[in-house]
Every structure is written in C-alpha cells, then in structure tokens.
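Please read these numbers as outputs of a predicted model, since none were measured by experiment. In each ligand, atom 1 is the first atom listed, and ligand 1 is the first ligand listed. No hydrogens, no waters, no symmetry mates; every other heavy atom, side chains included, goes into these values.
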Amino acid sequence: MSGGPTVGAILTLNAGSSSLKLAIFDLVASGALLPWRRGELRQDGAAQRFRLRDADGVTIVNEVWSEARFDASLGHLLARIDGELAGRRLIGIGHRVVHGGAGHRMPEEVTPELLALLGELAELAPLHVPHNLAPIREIALARPDMRQVVCFDTAFHRTIPTVATRFALPREFESRGIRRYGFHGLSYEYVARRLAVLSPRLYAGRVIAAHLGNGASLCALKGGESIDTTMGFTALDGLVMGTRCGALDPGALLHLMRWEGLSVDEAERLLYTRSGLLGLSGISNDMRVLLESGEPAAAEAVDVFIHRIVREAGALASILGGLDGLVFTAGIGENAPEIRARVCERLGWLGLRLDETANADGAEIISAPDSAVEVRVIATDEEAMIAEHVRDLPAA
Ligand code: ADP
C-alpha cells in the first residue's frame with residue numbers, strides 16, 4: 001500500500017431521505033486517504049438494497065435487507081462495516097449535515113450538547129437534517145466512545161460577504177436566521193482543493209464551479225473561496241434541478257397558497273418533489289432520459305435548465321468581475337457533454353471556446369487552447385472531503 005502502513009480507517013456517512021451513502025477510507029502513515037469501500041443503502045420497494053463496491057468500483061455486495069427503512073437497518077449496517085474493515089481499526093466516522101445555520105461554519109466533533117443544538121437546527125432544513133442526524137444519534141448510543149465528526153454543507157460558504165447573504169427583508173429577520181447560506185459546500189470545497197493541485201493559476205483566480213446533479217447549483221470561487229452561490233436559505237433556490245423548482249418568484253407561492261388553497265405541506269411537496277426537470281417535462285427527473293426523449297416537453301425542460309445556468313453564470317461572472325475558469329462537476333456536469341457544450345456555447349461572449357473533441361472525450365480540460373476561460377471537468381467526491389475533515393480536525 002502506498003504511503004506506509006495503515007493508521008486506521010475512516011467511515012463517512014451521508015444519510016438522505018431515501019438513501020444512505022457510505023465510504024471507508026484507509027488513513028495511511030503519510031496522511032493520505034485511500035478509498036477502500038464505497039456503497040449505499042437505498043429504499044427498494046418495502047425493503048432496503050445494500051450495495052458495496054471495492055476500490056476499483058467493482059460491486060462486491062448486492063443484497064436486499066428486510067428492514068423497511070434504512071434507519072432501522074443501521075445496526076445491521078454497522079455490523080457489516082465491521083466485517084468489511086478486515087482487521088482495520090475504525091478511528092472516526094464523518095457525517096454530512098446539510099444545514100449548519102449561522103452558528104456552525106466548520107466541521108465539529110459530535111458531543112451531546114452539539115447534538116441537542118443541531119436538533120434545533122433541523123427546523124431550517126426539515127427534509128434533510130433529521131435524516132442526517134438519525135445515524136449520528138444511533139451511533140452515539142450504540143458506540144459512545146466512537147469519534148464522530150459532522151461536516152456542514154453550508155460551511156464552505158462562510159466566506160460569502162454579507163451583502164450577498166442578506167435578503168432585502170426587515171433587519172430583524174436576519175437575526176432569526178433568515179438569510180442566504182448556500183449548499184453543496186463539501187462538493188465545492190473538494191473541487192477547490194483539486195483545483196489547487198491541478199491548476200494553481202485557476203485556483204488563485206476567478207472561477208465558476210457548476211455542481212450539476214440531481215441537486216444543482218453554481219458557486220463563484222475567488223482565490224479558492226466561495227464569494228457567492230445560487231442556493232440560498234434552502235437548497236431550493238437557484239437553478240432548475242431534478243425535482244426542485246429553483247428560483248421562483250415568492251409571489252407565485254403566495255398566489256398558489258391563497259388562490260389555489262395549497263397547504264404548506266402541499267406547497268413543499270410541489271416545490272421539492274414535483275417540479276424541476278420532472279415537472280417541466282412531465283416525463284422524468286433523469287437528464288439521460290430527457291436527452292434521449294423525442295418529446296417536445298423533454299427538450300423544453302432541458303432548454304430551461306440550460307437557460308437558467310447561463311443566466312446565473314452571467315450573474316456570477318459579474319460578481320467575480322470576470323472569469324478565468326469554469327468547472328463542471330456532479331452527475332450531469334461530469335457525464336453530459338451535450339449539456340456542457342450548450343452552456344459553453346452560450347457563454348462564448350466571455351471569450352470561452354470549447355474544444356469539442358476534448359469535451360466529447362470527457363477530457364480534464366475541455367476548452368480550446370485560445371479560450372479566455374479554461375474549462376475543466378472535475379469529478380467531485382463529497383465522501384473524500386468528509387474523510388479529510390475527520391482526519392484534519394484536532395481531537396477534542
Ligand atoms: P445526486 O445529486 O443525487 O448526487 P448525481 O450527481 O449523481 O446526483 O447526478 C444525477 C444526475 O446525473 C441525473 O440527472 C442523471 O441523469 C445525470 N447523469 C448521470 N450520468 C449521465 C449521463 N451520462 N448523461 C447525462 N446525464 C447523466
């Protein structure tokens with residue numbers, strides 16, 4: 001194994017509403033983290049499907065577990081992970097927590113006090129935070145001596161200046177936490193760290209990172225720090241997403257609630273689960289399906305998706321005062337050359353020129369040599385970012 005003997009293993013857990021992603025990394029003496037296992041537990045009808053891949057991406061476990069929900073499978077999961085460690089010592093578990101509010105802007109070690117505080121924060125992201133916290137609580141009970149670290153998806157955006165985080169509401173609302181936070185922070189932090197290695201010039205410059213997955217957002221990076229982003233108080237704002245609407249005139253919501261009698265729960269379901277690419281197309285939230293479909297509504301959904309990226313990228317280029325680099329990441333950003341090409345073509349006014357062959361081949365750099373903006377594709381790895389935080393946070 002490169003980097004010397006294994007010091008121990010770090011487990012990362014990313015628990016959502018219908019799936020739990022996990023990864024195990026070896027921490028070696030040099031400080032490097034080497035991926036060992038990646039997997040997920042996903043709702044599969046009335047049961048759970050557990051899949052695990054080795055370091056080469058080969059599926060080594062594909063099982064159905066009878067527990068109806070993944071929170072009920074946690075004991076089972078931990079026992080399986082113990083088995084997978086093959087003699088390694090688990091030295092810490094890192095968790096992704098979607099919202100840290102205004103008070104939690106760095107990774108933190110879990111204590112009973114922190115868990116109580118985070119429970120209160122669940123109000124800010126009720127669809128996500130309770131799911132994120134469930135395994136932390138269970139592990140704290142089952143293995144009280146295990147070191148646990150929480151990593152907030154909002155934390156990387158702590159560098160955004162106040163002028164960009166404020167809503168133009170009366171001032172008292174800010175102190176109640178009603179402000180823009182930004183999300184996908186672990187992904188952007190990973191991308192920024194990769195950029196520092198791959199291209200120090202771009203890292204030091206003005207870059208837009210485009211995390212285009214089921215959730216989608218853009219982040220303006222200056223000198224590797226976030227200075228603005230398209231998501232706001234929640235992960236609902238900004239771009240069109242798989243099933244989320246993105247930016248919406250709040251007046252439309254008021255209208256729907258007043259004149260169409262939508263309850264709060266119905267409005268929440270509409271905006272989070274029935275909108276975006278799925279709502280626009282009436283076909284699917286999956287970009288692959290839409291790109292292959294011959295239906296006009298599918299094509300229009302993709303058009304709106306692109307339009308909003310181009311619009312927001314223009315706004316962020318303005319905030320940055322110009323643009324040196326554009327980085328695509330996440331499921332669509334990493335795998336859909338057609339989407340990248342359409343975005344880049346529309347951003348040609350910034351002096352951006354795509355190398356079509358490099359783009360089609362999924363090369364690391366997909367801009368032409370004479371492009372004023374360097375365009376890169378970087379595969380994100382939120383799990384690796386969490387593991388780095390567990391490694392780097394000094395023990396309490
Ligand atoms: P999540 O936000 O759930 O982590 P991902 O980053 O995995 O999402 O991205 C999922 C999205 O990526 C889906 O819309 C899927 O259709 C899209 N995607 C994955 N591979 C491709 C591809 N080859 N072409 C187009 N879209 C793709």
Side-chain angles (χ1 to χ4, degrees), residues 12-23 38-43 49 51 53 57 70 95-99 125 127-128 131-132 151 153 182-191 194 209-219 229-231 234-246 272-293 295 298-299 301-306 308-309 327-344 359-363 366 377-386:
T12 67
L13 294 179
N14 178 354
S17 58
S18 62
S19 75
L20 183 152
K21 291 185 194 157
L22 66 102
R38 289 181 195 263
E40 63 172 7
L41 196 55
R42 186 171 283 279
Q43 197 81 42
R49 182 168 292 277
R51 282 201 188 87
R53 285 166 279 124
F70 72 77
H95 301 265
R96 172 171 178 239
V97 174
V98 163
H99 213 312
L127 299 185
H128 296 100
H131 296 291
N132 304 155
C151 304
D153 232 3
F183 298 86
H184 287 142
L186 290 161
S187 176
Y188 291 129
E189 189 172 15
Y190 181 83
V191 165
R194 289 295 298 148
H211 178 111
L212 308 178
N214 242 325
S217 69
L218 303 181
C219 178
T229 188
T230 56
M231 282 178 169
T234 65
L236 199 54
D237 202 3
L239 305 182
V240 172
M241 309 183 215
T243 61
R244 286 174 250 163
C245 58
Y272 276 93
T273 66
R274 295 177 47 214
S275 299
L277 294 173
L278 174 67
L280 280 166
S281 68
I283 296 171
S284 176
N285 63 320
D286 190 318
M287 183 57 87
R288 280 168 294 200
V289 174
L290 300 183
L291 290 175
E292 280 163 18
S293 164
E295 292 295 323
V302 178
D303 290 347
V304 177
F305 181 78
I306 304 273
R308 294 273 281 272
I309 294 171
V327 178
F328 288 98
T329 193
I332 299 171
E334 292 166 27
N335 299 302
E338 178 181 340
I339 300 293
R340 294 195 300 255
R342 290 180 61 184
V343 169
C344 288
N359 182 41
D361 293 348
I366 60 170
V377 179
I378 296 181
T380 194
D381 192 344
E382 287 155 310
E383 278 67 37
M385 199 59 246
I386 297 170

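Looking at Ser281, its side chain does come within 3.5 Å of a backbone N or O of Leu277 through a donor-acceptor pair. A donor-acceptor pair under 3.5 Å is formed between the side chain of Asn359 and the backbone N or O of Pro337.
The closest side-chain donor-acceptor pair between Glu334 and Thr329 falls under 3.5 angstrom.
With sequence neighbours left out, the ring-ring contact (aromatic ring centres under 6.0 Å, His included) criterion links His211 to His184. Listed by chain and number, the residues in a side-chain hydrogen bond (donor to acceptor under 3.5 Å, both in side chains) with Asp381 are Arg38 (sequence neighbours excluded). Shown here are the side-chain hydrogen bond (donor to acceptor under 3.5 Å, both in side chains) partners of Arg244, two or more places apart in sequence or in another chain: there are none.
Sorted by chain and number, the residues within 4.0 Å of ligand 1 by heavy atom are Lys21, Gly213, Asn214, Gly215, Asn285, Asp286, Met287, Arg288, Ala330, Gly331, Ile332, Asn335, Ala336.
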